[in-house]
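First the structure, which I've put down as structure tokens, then a few questions once you've had a look.
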There are 2 protein chains.
Amino acid sequence: MSTSDSKSYHHGDLRQALLETTRQMIAEEGVEGVTMRGLAQRIGVSRTAPYRHFENKAALLAAVAQEGFEELIKHLRCARTADPTLSPIIRFEKMGMSYVQFAIAQPTAYRLMYGADAVRAEDHPEVREVVRRTLDELIEMIQECKAAGFLKTYHPRDVGMTVWSACHGLSLLLIDQHLQIDNVDQLIERVTRIVRVGLEGER
Amino acid sequence: MSTSDSKSYHHGDLRQALLETTRQMIAEEGVEGVTMRGLAQRIGVSRTAPYRHFENKAALLAAVAQEGFEELIKHLRCARTADPTLSPIIRFEKMGMSYVQFAIAQPTAYRLMYGADAVRAEDHPEVREVVRRTLDELIEMIQECKAAGFLKTYHPRDVGMTVWSACHGLSLLLIDQHLQIDNVDQLIERVTRIVRVGLEGER
DNA sequence: ACCTGAACACCGTTCAAGT
DNA sequence: ACCTGAACACCGTTCAAGT
């Protein structure tokens with residue numbers, strides 16, 4: 001009677017299986033390795049079954065992207081609230097590092113989230129919404145900084161967009177291996193510190 | 001007898017026509033709108049003709065990406081050397097603005113350059129090389145800043161990567177319309193200024 | 001040398017038909 | 001309700017054959 005009672009004729013929870021398996025395929029061979037046919041076959045279901053749950057491939061990928069952003073937002077919030085005794089500027093810096101570390105830990109998924117290949121956010125309101133909330137998470141931290149007396153002359157949105165840009169750009173350059181370096185963590189630290197010192201210096 | 005004497009049985013300069021038409025198609029409908037078959041048809045040549053000049057679709061797109069980077073490098077050099085009477089830090093800032101303006105002026109081409117869809121730079125040494133030269137162009141400007149007494153304690157590569165990250169990230173966020181703003185130029189100015197002030201403050 | 005037509009092995013998606 | 005098989009309209013790429 002519940003949603004998990006069947007494993008007979010119906011799959012049980014095909015929708016969840018589709019999302020899960022898509023994530024796996026993305027992790028294994030990138031977004032371009034995901035095909036609707038291969039996906040169905042791997043789950044053991046007919047080729048057209050997935051269309052019962054997602055209008056098309058783009059809608060499926062958008063759902064996966066959305067979940068990715070939810071995860072990212074959780075990570076950012078965690079970094080922001082982990083240790084309230086730290087200076088807000090330092091927590092801001094940790095948030096930036098946390099962002100980049102999240103991105104490079106799951107490179108193909110991060111690429112998908114920003115629609116490199118298939119998901120154009122403009123066509124998916126749910127994606128637009130989580131993207132907006134990602135920026136909001138950064139802006140919230142900036143408000144804390146302002147409340148503590150930092151960043152007096154800057155607009156929170158401008159600072160948020162600056163930090164977001166730096167994090168996003170660094171993440172993609174690292175993912176695409178455009179930066180030939182030995183110590184990734186050190187680079188992330190140095191980049192975020194340059195931005196942090198810049199913001200701090202304005203105090 | 002020259003290369004442009006024929007328009008009969010051979011196309012004349014099919015290679016150039018392929019690059020040119022690919023650029024057009026990218027500008028019109030994005031990278032995903034480019035198909036080898038459609039490309040050939042548009043030029044008025046058989047489906048397999050393009051393979052005489054490019055091993056496959058990826059190689060063709062890589063060539064277009066490479067040309068895009070050459071253009072970008074030219075723009076950056078132009079901004080760097082335009083007015084030597086300006087402070088190097090200010091020219092650095094102008095370079096950043098020039099980068100983002102170049103990117104958003106040709107959104108789909110910029111996306112292709114960074115291999116969002118098809119061109120994985122790791123498979124194309126020529127692309128790796130122009131990407132490297134793009135970073136070098138930024139680092140050159142940083143050396144000038146150092147020579148003028150700025151940025152004393154920073155490593156040029158770290159500063160270069162930071163600025164590159166911010167420019168790249170801002171470009172993509174703007175291209176993907178994740179930043180809902182009315183005045184794009186103003187935002188570019190504010191973002192680059194925050195980074196510039198940060199760098200300057202360290203003097 | 002350069003181009004062609006036919007063919008192969010893939011796609012995403014649709015639709016009438018089954019349980 | 002949910003799933004299926006056959007079919008359609010696309011791909012990129014290959015290969016023997018033409019000029």
Side-chain angles (χ1 to χ4, degrees), chain A residues 1-19 21-22 25-26 28-65 112 115-120 123-124, chain B residues 1-19 21-22 25-26 28-65 112 115-120 123-124:
Chain A
M1 39 207 49
S2 88
T3 55
S4 61
D5 57 351
S6 107
K7 60 165 280 190
S8 53
Y9 160 66
H10 297 90
H11 180 276
D13 199 350
L14 180 52
R15 191 192 147 87
Q16 204 51 47
L18 286 165
L19 291 171
T21 310
T22 302
M25 291 179 79
I26 288 171
E28 287 164 17
E29 11 176 16
V31 191
E32 56 274 24
V34 178
T35 71
M36 293 298 270
R37 294 158 102 108
L39 188 58
Q41 194 181 16
R42 184 149 157 181
I43 297 179
V45 107
S46 100
R47 292 209 275 260
T48 56
Y51 291 91
R52 283 286 133 191
H53 300 276
F54 296 97
E55 199 189 335
N56 49 35
K57 188 180 182 180
L60 169 63
L61 293 179
V64 173
L112 169 67
D117 308 85
V119 186
R120 304 229 65 83
D123 305 328
H124 302 277
Chain B
M1 38 206 50
S2 88
T3 55
S4 61
D5 57 350
S6 107
K7 60 164 279 184
S8 52
Y9 161 65
H10 297 88
H11 180 276
D13 197 351
L14 181 52
R15 192 192 146 87
Q16 204 50 46
L18 285 166
L19 290 172
T21 310
T22 302
M25 290 179 80
I26 288 171
E28 287 164 17
E29 12 177 13
V31 190
E32 56 274 22
V34 178
T35 71
M36 293 300 269
R37 294 158 102 108
L39 188 59
Q41 193 181 15
R42 183 149 156 179
I43 296 178
V45 106
S46 100
R47 293 209 272 259
T48 56
Y51 291 90
R52 284 286 130 191
H53 299 276
F54 296 96
E55 198 190 336
N56 49 34
K57 188 180 180 178
L60 169 62
L61 293 179
V64 174
L112 169 67
D117 309 85
V119 186
R120 304 229 63 84
D123 305 327
H124 302 275

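In what follows, chains carry the letters A, B, and so on, assigned in the order in which the sequence lines appear, proteins first and then strands, with residues in each chain numbered from 1.
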Structure string for DNA chain D in dot-bracket form, Watson-Crick and G-U at under 3.5 Å, | interchain: ||.|||||...|||||.||
Rounded interatomic separation in angstrom, taking CE from B/M36 and C1' from C/dG5: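 Distance check: B/M36 CE to C/dG5 C1' gives 17 Å.
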Whole-Å distance separating the CD atom of B/E32 from the C1' atom of C/dG12: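 These atoms are roughly 15 Å apart.
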A/V45 side-chain proximity, nearest of D/dT4, C/dT13, D/dG12: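 Within the option list, the nearest is D/dT4.
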Side chain to side chain donor-acceptor pair (under 3.5 Å) involving A/R42 - partner list, sequence neighbours excluded: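 Checked A/R42 against side chain to side chain donor-acceptor pair (under 3.5 Å); matches are A/Q24, A/E28.
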Pairing residues for A/T35 by the side chain to side chain donor-acceptor pair (under 3.5 Å) criterion, not counting sequence neighbours: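 None.
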Integer-rounded Å distance: C/dT14 C1' and A/R47 CZ: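 Between C1' of C/dT14 and CZ of A/R47: 12 Å.
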Atom pair distance, as rounded to whole Å: CZ in A/R37 and P in D/dC8: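 A/R37 atom CZ is separated from D/dC8 atom P by 14 Å.
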Between P of D/dC11 and NZ of B/K57, the distance in whole Å: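 It is 9 Å, rounded to the nearest whole Å.
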Nearest-nucleotide pick for A/T48, side chain only, options being D/dA6, C/dT4, D/dC11: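 Looking only at side-chain atoms, A/T48 lies closest to D/dA6.
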Integer-rounded Å distance: C/dC3 P and B/Y51 OH: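 So the two atoms are 15 Å apart, to the nearest Å.
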Other residues, nucleotides, ligands: >12 heavy atoms within 6.0 Å of B/E29 CD: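 Above 12, so yes.
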Euclidean distance, atom CG of residue B/D13 to atom C1' of C/dC3 [Å, nearest integer]: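 Interatomic distance, CG of B/D13 to C1' of C/dC3: 16 Å.
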Under-4.0 Å side-chain N/O to phosphate OP1/OP2 contact, A/H53 with D/dA1: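 Result: no.
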Rounded distance (nearest 0.5 Å) linking atom CG of A/L39 with atom CG of A/L18: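 Separation between the atoms: 5.5 Å.
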